[in-house]
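Have a look at the structure below, then the notes.
Chain naming here is simple, since letters A, B, ... match the order of the sequence lines and numbering starts at 1 in each. Everything numeric in this text was worked out from a predicted model, so none of it was measured.
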Amino acid sequence: MATDQPQKLFKAQTLKGFRDYMPELMAPRQAMIRLIEATFERHGFQPLQTPALEYLETLAGKYGEEGDKLLYRFQDHGERHVALRYDLTVPLARVVAEHRNEIQLPFRRYQVAPVWRADKPQRGRFREFFQCDADIVGVNSAIADAETLITGLSVLQTLGIDGAVLHLNHRDVLFGLIAAAGVTEKAQQIACIRAIDKLDKIPAAAVQTEIETAGIDAETAERVVGQFLHGAMTIESVADRLSAASVDTAGLDRLREVLALVRAAGLSERIRFDPTIARGLDYYTGIIYETRLTDPRVKGIGAVMSGGRYDGLIGLFTKEAIPAVGISLGLDRLLAAMQELELVSKDSHAVQVYVTVFSEAQAVTAIQLAGLLRQAGLRAELDLAGGKLGKQLERASKRGARLAVMVGPDEATAGTAVLKDLRDGAQQTVSQADLASTAGALLAV
RNA sequence: GUGGGUGUAGCUCAGCUGGUAGAGCGCGGGAUUGUGAUUCCCGAUGUCAUGGGUUCAAGCCCCAUCACUCACCCCA
């Protein structure tokens, strides 16, 4: 590489929609991930990790037309058609089918991992992002549904997020209401759902217009919208209309049960029936839900936790019919919200004690003192850049350390060390043997 | 996939109707003895995203490419 000619530099740049997680971002992220995983485990979920790459066949056709387009797909060196995982749910279905005889049902697993979507990047939207999923496989019951929701809500609670409301719906209720309004053709029903999903964003009249563009007459369109307008949203009201149109109400009954169970868990404030919730992914069969944050500061951030029941998905990989229900949290969206709400503590990873190295003669002592602090469980950093004591203390503050340790020739001979609190400048001389305990006591205040 | 916007020092940006670049922050050094974050002084840094074009002359005009960004679609 030695040459007089200027070298052409390689472009130091991440791919569009991909990003580096620098330490300032990584520290709170990691703290979050730990809390989320601990909460999942407290609810009986086991960790699972799956490959980033799957056979294209495994993933294709599971997410609907839109989702299919967003699959990162290519051929590997062996000409195999492969794709990067689009979510954590379909790989789970594959795992259950592939390892059917090693897995005890019901199976609860969680996974925190990146997924990839060849979407057009936007604010808070990337081509690589992390999801945190928890799923219960093998049981189709209201209890399993409720357990999943309770777990998700518990995660939000653990993270300190108070203003979260889970909007719960059921696929059959959604389709039932549309059918009751007189739309029976599948494609038109889908169009209705897509439009209804926007009711909280655009006026009802605009939604109706959008429904009409799907080839539905104005009168029917108005009836469809009417099914979802405010006041038409209580369970009882929906029940009446479904029965009147002699549409099956099993989905509604399930919703009642799930709501009752979640309420019994003391989470009434956190959950609400909302017939307008529609999820895009094709594989949902039962309950579906989205969770929104109510704080106006994070109004535009979208759903932070969503999911639903998918009883048919695993059946695509094995003849045995295995039901499942799950929840998915968007890690970075949640983090963005938490930062906005000032719920992120900045010092979870920061160095606690910065050990200066007065001069080479004191290096041994400095290393030993750092060792004592570390053994005591403190995060201690040893100065490596040297220079004047002032410089070293400057670095200490910049690193965010609360305390600094200084040992000069005088302290070295006396077997002591100076412990300084960088927040108020107060300092004391302590014996080296007491350093760690004194530092620990100061940090605990 | 469709339609807007932006791209100037490490960061945030200024740069009037075209005449070969500035600020703040940050960074480096200093303000006598072994003490930071505050204060004061000094200093460095840019192929003005990239490649073409118009012009006597372009950061400023035109075209293309790339990147970022906003809205729609969809979603975490």
Side-chain angles (χ1 to χ4, degrees), chain A residues 6 8-9 11-19 22 24 63-71 85-89 112-133 152 190-191 193-195 197-198 201-202 206 210 277-282 288 290-293 300-307 327-337 354 356-359 361-362 383 385 387-412 417-429:
Chain A
K8 187 180 183 219
L9 297 175
K11 186 168 56 173
Q13 187 177 61
T14 56
L15 276 167
K16 190 192 192 65
F18 290 72
R19 57 189 178 147
M22 298 303 280
E24 304 76 57
Y63 304 107
E65 205 179 314
E66 287 296 326
D68 245 30
K69 278 192 244 167
L70 300 181
L71 271 180
R85 67 171 167 242
Y86 177 93
D87 69 358
L88 303 178
T89 308
V112 176
V115 300
W116 295 270
R117 297 183 188 178
D119 209 351
K120 188 164 174 179
Q122 268 178 45
R123 167 181 282 292
R125 200 159 163 193
F126 303 91
R127 289 184 168 168
E128 175 184 68
F129 61 95
F130 280 69
Q131 290 195 321
C132 313
D133 278 35
I190 302 274
I193 288 171
R194 199 162 291 161
D197 200 28
K198 294 177 194 161
K201 283 188 213 157
I202 60 176
E210 190 171 326
I277 293 298
R279 307 245 62 228
L281 301 178
D282 270 8
I288 45 181
E290 285 181 4
T291 310
R292 297 186 191 141
L293 303 180
I301 210 149
V304 294
M305 176 173 90
S306 35
I327 195 152
S328 181
L329 286 109
L331 183 67
D332 293 286
R333 238 175 223 196
L334 257 183
L335 178 59
Y354 196 93
T356 60
V357 179
F358 190 84
S359 70
Q362 268 67 236
D383 184 90
K388 292 197 286 194
L389 191 55
K391 266 266 105 56
Q392 298 194 33
L393 288 173
E394 195 179 317
R395 280 195 287 271
S397 330
K398 276 182 189 151
R399 297 284 288 108
R402 281 253 325 257
L403 304 173
V405 172
M406 295 167 281
V407 180
D410 299 346
E411 289 79 13
V418 175
L419 184 59
K420 174 165 182 145
D421 190 325
L422 291 169
R423 289 190 306 184
D424 56 18
Q427 62 183 54
Q428 54 184 302
T429 302

Q) For Lys198(A), what residues pass the salt bridge (Lys or Arg N to Asp or Glu O under 4.0 Å) criterion, not counting sequence neighbours? A) Glu210(A)
Q: Check every atom of G36(B), A76(B), G34(B) against the side chain of Met406(A) and return the nucleotide holding the closest atom.
A: G34(B)
Expressed as a whole number of Å, how far does the [atom1] atom of [N] sit from that of [M]?
N: U55(B); M: U20(B); atom1: C1'; value: 14 Å
N: C56(B); M: G24(B); atom1: P; value: 39 Å
N: U2(B); M: G19(B); atom1: P; value: 38 Å
N: G3(B); M: C13(B); atom1: P; value: 27 Å
N: U38(B); M: U65(B); atom1: P; value: 47 Å
N: C25(B); M: A37(B); atom1: P; value: 15 Å
N: U8(B); M: C48(B); atom1: P; value: 11 Å
N: A21(B); M: A57(B); atom1: C1'; value: 16 Å

For [X] and [N], give me the distance from atom [atom1] to atom [atom2], rounded to whole Å.
X: Gln392(A); N: U35(B); atom1: CD; atom2: C1'; answer: 10 Å
X: Arg423(A); N: A37(B); atom1: CZ; atom2: P; answer: 18 Å
X: Asp133(A); N: A76(B); atom1: CG; atom2: C1'; answer: 10 Å
X: Asp197(A); N: A76(B); atom1: CG; atom2: P; answer: 11 Å
X: Arg85(A); N: C75(B); atom1: CZ; atom2: C1'; answer: 18 Å
X: Arg395(A); N: U35(B); atom1: CZ; atom2: C1'; answer: 13 Å
X: Arg194(A); N: C72(B); atom1: CZ; atom2: C1'; answer: 13 Å
X: Arg127(A); N: A76(B); atom1: CZ; atom2: P; answer: 17 Å

(Q) Testing the basics here: between Ala278(A) and Ile193(A), what is the closest heavy-atom pair and its distance to 0.1 Å? (A) CB-CG2, 3.0 Å
Q. For the residue pair Ala412(A) and Gln362(A), what are the closest heavy atoms and their distance?
A. CB-OE1, 4.0 Å
Tell me which nucleotide, if any, is Watson-Crick or G-U wobble paired with [N] when both distances must be under 3.5 Å.
N: A14(B); answer: none
N: U32(B); answer: none
N: A49(B); answer: U65(B)
N: G26(B); answer: none
N: G3(B); answer: C70(B)

Q | Footprint string (nucleotides 24-30 of chain B, 5' to 3'): B base within contact, S backbone only, - free, heavy atoms under 4.0 Å | A | ---S-S-
Are [X] and [Y] packed together at the side-chain level, in the sense that at least one heavy-atom pair is separated by less than 4.5 angstrom?
X: Tyr354(A); Y: Val405(A); answer: no
X: Asp87(A); Y: Tyr63(A); answer: yes
X: Thr356(A); Y: Arg395(A); answer: no
X: Leu15(A); Y: Arg127(A); answer: no
X: Asp421(A); Y: Leu403(A); answer: yes
X: Met406(A); Y: Glu411(A); answer: no

(Q) Tell me whether the NZ or CZ atom of Arg19(A) lies within the 45° cone about the ring axis of Phe126(A) and under 6.0 Å from its centre. (A) yes
Q.
Go nucleotide by nucleotide along RNA chain B from the 5' end; which of Gln427(A) and Leu329(A) gets its closest nucleotide reached first?
A. Gln427(A)
Q) Starting at the 5' end of RNA chain B and moving along, which residue's nearest nucleotide shows up first, Met305(A) or Leu393(A)? A) Leu393(A)
**Q.** Side-chain donor/acceptor contact of Glu411(A) with base of G34(B) under 3.5 Å
**A.** yes
Have a look at [X] and say if it touches a base, only the backbone sugar-phosphate, or nothing, with a 4.0 Å heavy-atom cut-off.
X: Thr356(A); value: nothing
X: Ala396(A); value: nothing
X: Asp410(A); value: base

Q | Any donor-acceptor pair under 3.5 Å from Arg292(A) side chain to Ala303(A) backbone | A | no
Q) With distance as the sole test, does Gln392(A) use its side chain to make a donor-acceptor pair with the main-chain N or O of Phe358(A) at under 3.5 Å? A) no
Q) Stacking check: are the rings of Phe129(A) and A76(B) less than 5.5 Å apart at their centres and under 30 degrees in tilt? A) yes
Table of protein N/O atoms under 3.5 Å from nucleotides 64-71 of chain B N/O atoms:
{"from": "C68(B)", "atom 1": "OP2", "to": "Lys16(A)", "atom 2": "NZ", "distance (Å)": "3.2"}
{"from": "C70(B)", "atom 1": "OP1", "to": "Arg123(A)", "atom 2": "NE", "distance (Å)": "2.7"}
{"from": "C70(B)", "atom 1": "OP2", "to": "Arg123(A)", "atom 2": "N", "distance (Å)": "2.6"}

